[in-house]
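Here is the structure we will look at.
Reminder, nothing fancy here: chain letters follow the sequence lines and each chain counts from 1. Just so you know, these numbers come straight off a predicted model, no measurement behind them.
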Amino acid sequence: MALPGSPAGRETPTAGEPGIAGAARAATEQPGATEKPGAAEAVRIDLEGVGKRYDGGTTGVTALADVTLRVGSHCLLVILGPSGCGKTTLLNVIGTLDTPTTGTVRLEGVDVTAASRRIRREVRRRAVSFVFQSFNLFPALTARENVRFGADVAGRDRADEVTDEVLVGVGLAERATHFPHQLSGGEQQRVAIARAIATGNPILLADEPTGELDFTTGVRILELLRGQSEQGRTVLVVTHNREIARIADRVVELSGGRIVHDGPPPGGRLPAAELRW
Amino acid sequence: MTSPGLWWRWSLRELRQRLLLVVAIAIMIGLGTGLYAGLTSSSHWRRQSYDASYARLNVHDLRVAVGAGATVAQGRLAAVVRSLPSAAAVTGDVERLVLPTEIDASRPGHTVLSRGELVGIDLTARPPVDAVSVARGRGLVPADQGRDVGILDRTFALANHLPPSGTVRTSGGGQVHYVGQGQSPEYFILPGEQPGLVTQSGFGVLYLSLPTAQRLTGQPGAVNDLVLTLRPGTDTGAFAAELSRALSAALPGTSVTVTDRDDIQTRRILYDDVNSDQRLWDVLAVVVLIGAVFAAFNLVGRVVDAQRREIGIGMALGVPPRRLALRPLLLGVQVGVLGVVAGVVVGLVVGAAMGALLRGVWPLPAWHTNFQVGVFARAAAVGLVLPVLAALPPVWRAVRVEPVRAIRASAVAGGSEPLAGPLGRLRLPGGSLAQMPLRNLARAPRRLLLTAVAIAAVITALVVFTGELDTFTRTTDRAERDLTTSAPDRLRVILPRVEPVSSPTVTAVRRSPAVTETDPTLALPSRIFAAAGAGSGRGIGNGRGAGAGNGAGNGDGATAEPIDVLTYILDIGHGLWSPSVVSGSRTGGVLIAEKAAHDLGVHPGDTITLRHPQRVGTGYRTVDTPLRIAGIHAFPVRSVVFLDNADAGAFRLAGTTNVLVVQPAPGYGRDAATRTLAAIPGVASVASATASIEEIRTLLRSFVGILRIGEVVVLLLAALIAYNAMSIAVDERRREHATMLAYGLSTRTVLGLTVAESAVMGLVGTLLGIAAGYWALRYTVEVLLAETLPDLGVQAILSGRTLAVIVLLGVGAVAIAPLAAARRIRRMDVPSTLRVIE
Ligand SMILES: Nc1ncnc2c1ncn2[C@@H]1O[C@H](COP(=O)(O)OP(=O)(O)O)[C@@H](O)[C@H]1O
Ligand SMILES: [Mg+2]
């Protein structure tokens with residue numbers, strides 16, 4: 001199933017690719033309505049004073065407060081913090097699933113803060129892809145078809161070849177025809193990552209991707225994500241595990257919805273194989 | 001471990017969350033039980049209303065009728081009754097003069113001309129027997145004796161939209177001002193011209209004082225009828241025999257018959273119909289109930305399945321299974337209680353519709369349509385128990401499963417193992433999205449099956465209801481086509497008695513400027529038996545013909561009951577119109593109806609016995625003549641028999657006629673020709689060629705009305721099933737939909753996938769339903785209807801149009817149901833949905 005508006009030959013994402021801006025313009029059908037794409041070419045994710053407040057019942061909850069963050073390509077960024085500090089909220093705001101109550105969110109230079117549903121949908125199709133803690137694979141589809149779904153949604157050409165390449169890349173070529181319930185948790189998460197990769201989108205958002213996995217399996221998943229950032233993607237991994245943070249190029253630590261640390265991993269970077277938790 | 005209060009609050013909170021769904025399931029069950037309650041109530045209503053109506057008008061126990069157009073002096077019949085040794089048993093007796101007539105109730109711009117009867121009643125007799133109720137206007141009082149005032153039959157007046165009072169003309173130029181509309185026990189339903197059929201607009205009864213009737217018909221001081229009632233406990237049979245003997249002694253040379261209450265044919269039709277109708281309603285209600293039950297089973301089961309995880313967690317926490325089963329079972333109870341409420345409401349609505357229908361189809365002096373406690377209690381019990389039963393299997397499955405499995409996030413809702421076999425691997429051309437709908441269905445085969453069966457059950461009911469309507473339409477159309485193969489605007493001039501073709505009346509008709517061609521024919525009441533001598537000894541005066549239950553005797557000629565018929569003797573192949581045959585040949589014997597052949601177990605070439613009048617001198621006697629069946633005619637009414645002039649020698653009626661088939665002259669419209677011919681002295685009435693079509697329609701009217709009520713219920717049910725199945729499916733797919741939306745798919749695409757999936761489900765269910773429905777239709781038509789309407793030859797048919805509508809509805813309604821969830825999907829809080837870890 002070819003989705004409309006698919007840019008041809010989008011293989012590996014590179015900085016400065018006009019994917020989102022083009023998608024946004026196509027969606028609004030108002031050329032020039034968006035910001036100049038050249039202005040922040042190297043910066044894929046640009047948050048400026050982002051806050052998010054939930055008004056639930058009598059007491060409101062501040063999930064994010066004044067978050068300012070810029071992330072470029074070739075970067076594996078770990079968002080670290082205890083449960084309830086706002087990590088998932090941050091990821092959802094970046095992924096345009098959620099809208100901030102204050103501040104602005106730019107993806108590849110395009111302001112998506114108050115963008116229409118349609119533009120935000122286009123952004124998710126063409127710019128960001130999610131990997132969930134509980135995998136969320138489609139149980140009725142085989143591993144291969146789940147991966148193929150990613151390619152289809154993003155409207156990629158040569159979807160079949162892309163799918164096969166990605167499956168080989170995550171080491172599941174043999175399990176292609178198996179259904180999710182026939183796969184282990186780690187295998188399911190690899191399929192989920194493959195699905196996100198197959199979209200060809202430059203930004204990968206993974207919320208606690210190792211949360212339901214054992215140590216060795218978790219390491220494999222992290223190595224996979226690491227590889228993606230090395231190929232040029234921007235990969236955001238959310239975790240509450242300090243040890244995992246050590247594989248990152250950069251660690252952003254949240255506490256009560258605020259950034260309390262932003263820099264290289266505390267204690268220095270480690271290859272995934274040397275992690276212990 | 002926890003207080004019952006918590007469980008109750010928990011359950012109530014869940015109910016509030018799922019209220020719409022629970023209510024929708026409850027309404028489905030209510031539709032099933034309510035339809036049953038409503039239809040069954042109507043059977044009770046009919047029986048008690050008939051009883052009350054007959055009692056209120058003091059229906060006769062015995063009727064004395066002087067035959068063959070003869071009359072006796074007023075007072076003679078009453079005198080014979082009073083001279084009997086057991087005369088003290090008589091509680092009331094009334095002499096009457098009952099004669100056929102043409103009733104002309106035309107107003108400017110509205111022609112109403114039909115055959116009918118004048119009933120002259122001795123208004124001085126006390127108490128009245130076979131009294132006349134008055135629904136509009138006033139009744140007759142002794143002061144009306146001899147005046148040209150009367151009461152017009154209510155059914156006839158209603159069907160012809162006549163005003164509450166007005167003027168009607170009778171045969172022979174009489175004019176009567178009717179001062180009211182009313183009914184008398186023998187005319188609660190009006191006899192059709194054709195035995196076994198009934199009419200509403202085609203038979204006008206005018207109730208008059210005896211002197212008025214005598215004057216209008218030119219028979220002063222004459223009566224031909226007496227009705228009487230007997231003290232309760234009197235041996236009616238013995239009294240009748242005594243009366244018969246006394247009558248033949250007192251009136252030698254006059255043919256007089258004594259019949260009892262059970263011989264009133266219209267009364268028998270009313271009561272017989274209740275029983276056979278109820279069997280049909282039972283089947284239809286059960287079909288609908290099955291549909292509702294399957295749907296309820298499916299839906300309650302799926303709701304409980306959705307709780308499997310919670311049940312698993314509970315088990316992991318060591319909660320005893322009985323405790324865990326309580327909450328989902330409470331859901332069943334909730335559905336049941338609401339279902340009972342819904343059933344009562346639906347039952348009341350269906351009952352109200354039935355009541356209105358019955359009053360319209362059979363206007364009676366008394367209609368008692370009270371709430372039937374017993375019927376509703378039974379329906380309520382069914383409605384209460386079913387949902388609880390529906391919750392049991394999934395609860396059972398849930399508490400038996402290993403907790404680990406239940407807790408696993410990927411546990412498949414629906415509980416069954418996904419199909420990993422060929423169906424699971426089934427690949428469509430196209431990408432992952434194209435695979436999704438079919439794969440989703442294949443993933444949970446049991447759920448697919450249950451839902452498809454629920455849809456199928458409703459489609460089955462729809463096929464039965466609509467198919468019966470189709471069948472009726474086709475039967476009527478077939479009859480109409482057959483009657484209009486030639487000379488479609490011909491008229492039938494009916495004479496009061498058999499006359500020589502050279503009689504003044506026949507000559508006058510022949511010479512009337514209103515006709516261009518005249519065929520003299522005969523229509524004679526007779527009776528057919530399967531084999532010579534098979535008929536019982538019942539005389540012709542005893543009108544008890546073939547009642548319900550004929551189907552049982554199929555193919556067994558010796559036990560098949562005789563059939564009362566009208567034998568039409570005409571010049572087949574030469575006259576204005578001739579019957580066509582579906583098998584055999586047109587001459588060389590009798591032509592009987594397909595239904596008659598079926599009921600008697602005979603075929604063309606076989607011999608049957610015809611019991612018919614035979615002329616001897618100036619009178620008649622009844623003889624049995626064996627006759628070869630030449631063929632089967634195309635007319636769908638059992639009581640129609642045709643015989644070619646050349647084959648009718650046994651009647652010894654050559655050169656006589658009692659029905660003149662005429663072709664109206666150009667320039668004479670139907671009404672003008674009818675009026676001109678009816679005015680000819682000696683003509684009883686004039687009917688159109690297709691008058692019996694109205695009689696067939698009238699016979700079917702109550703069925704058609706009830707089928708339409710059933711259709712509405714079934715359509716509602718179909719809509720609810722579609723909505724519920726969708727609602728649950730969307731709920732089950734919440735996470736998948738959220739994932740798709742997170743990946744940037746549009747709401748429209750997500751909906752499209754759901755629609756495609758529903759459409760496939762709808763298609764499977766619809767095809768199953770059509771197959772089952774056609775079978776059920778054939779059963780209800782060929783077995784049940786054959787008993788309910790023994791006089792009509794009906795064949796199950798499902799028209800192409802109906803089939804198309806049903807497929808469209810079954811597939812369409814189910815397919816578009818997800819669109820009702822468009823808002824729910826568009827408004828979905830994707831982050832929260834994905835956050836929920838199930
Ligand atoms: N829909 C919501 N309504 C109210 N509060 C919410 C909602 N979603 C998240 N929160 C609150 O926002 C805070 C941050 O949540 P979240 O981003 O999920 O934290 P984390 O992922 O770091 O565990 C938490 O206190 C949480 O309770
Ligand atoms: Mg989180």
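- A donor-acceptor pair under 3.5 Å links the side-chain atoms of B:Tyr743 to the main chain of A:Phe130, judged by distance alone.
- The CZ atom of A:Arg121 sits 8.5 Å away from atom CG of B:Leu745, with the distance rounded to the nearest 0.5 Å.
- Within the model, atoms CD of B:Glu736 and CG of A:Leu137 stand 10.0 Å from one another, a figure rounded to the nearest 0.5 Å.
- When side chains are defined from C-beta on, A:Arg118 does not count as touching B:Ser746, because their heavy atoms never get closer than 4.5 Å.
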Between A:Arg195 and B:Thr739, is the side-chain contact (heavy atoms from CB on, under 4.5 Å) condition met? List the steps. CA-CA 11 Å; A:Arg195 176 172 69 183; B:Thr739 306; 3.6 Å; yes
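- For B:Arg826, the parts lying under 4.5 angstrom from a heavy atom of chain A are both the backbone and the side chain.
- Not a single donor-acceptor pair under 3.5 Å links the side chain of B:Asn440 to the backbone N or O of A:Ala140.
- Using a 4.5 Å heavy-atom threshold, the side chains of A:Phe138 and B:Leu433 count as separate.
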side-chain contact (heavy atoms from CB on, under 4.5 Å) between A:Leu97 and B:Leu834: does it pass, once the steps are laid out? CA-CA 10 Å; A:Leu97 282 182; B:Leu834 289 171; 4.1 Å; yes
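- Within the 4.5 angstrom heavy-atom criterion, only side-chain atoms of A:Phe132, from C-beta onward, approach chain B.
- Within the 4.5 Å cutoff, the side chain of B:Arg439 has heavy atoms near those of the A:Glu145 side chain.
- Rounded to the nearest 0.5 angstrom, B:Met740 CE and A:Arg124 CZ are separated by 13.5 Å.
- Using a 4.5 Å cut-off on side-chain heavy atoms (C-beta onward), A:Arg117 and B:Thr747 make contact.
- For the 3.5 Å distance criterion, the side chains of B:Arg735 and A:Ser134 qualify, holding a donor opposite an acceptor.
- Contacts of A:Asn92 with chain B are made by side-chain atoms alone, with heavy-atom separations under 4.5 Å and no backbone atom involved.
- Once rounded to the nearest 0.5 Å, the distance linking OG of B:Ser432 with CG of A:Leu141 reads 6.5 Å.
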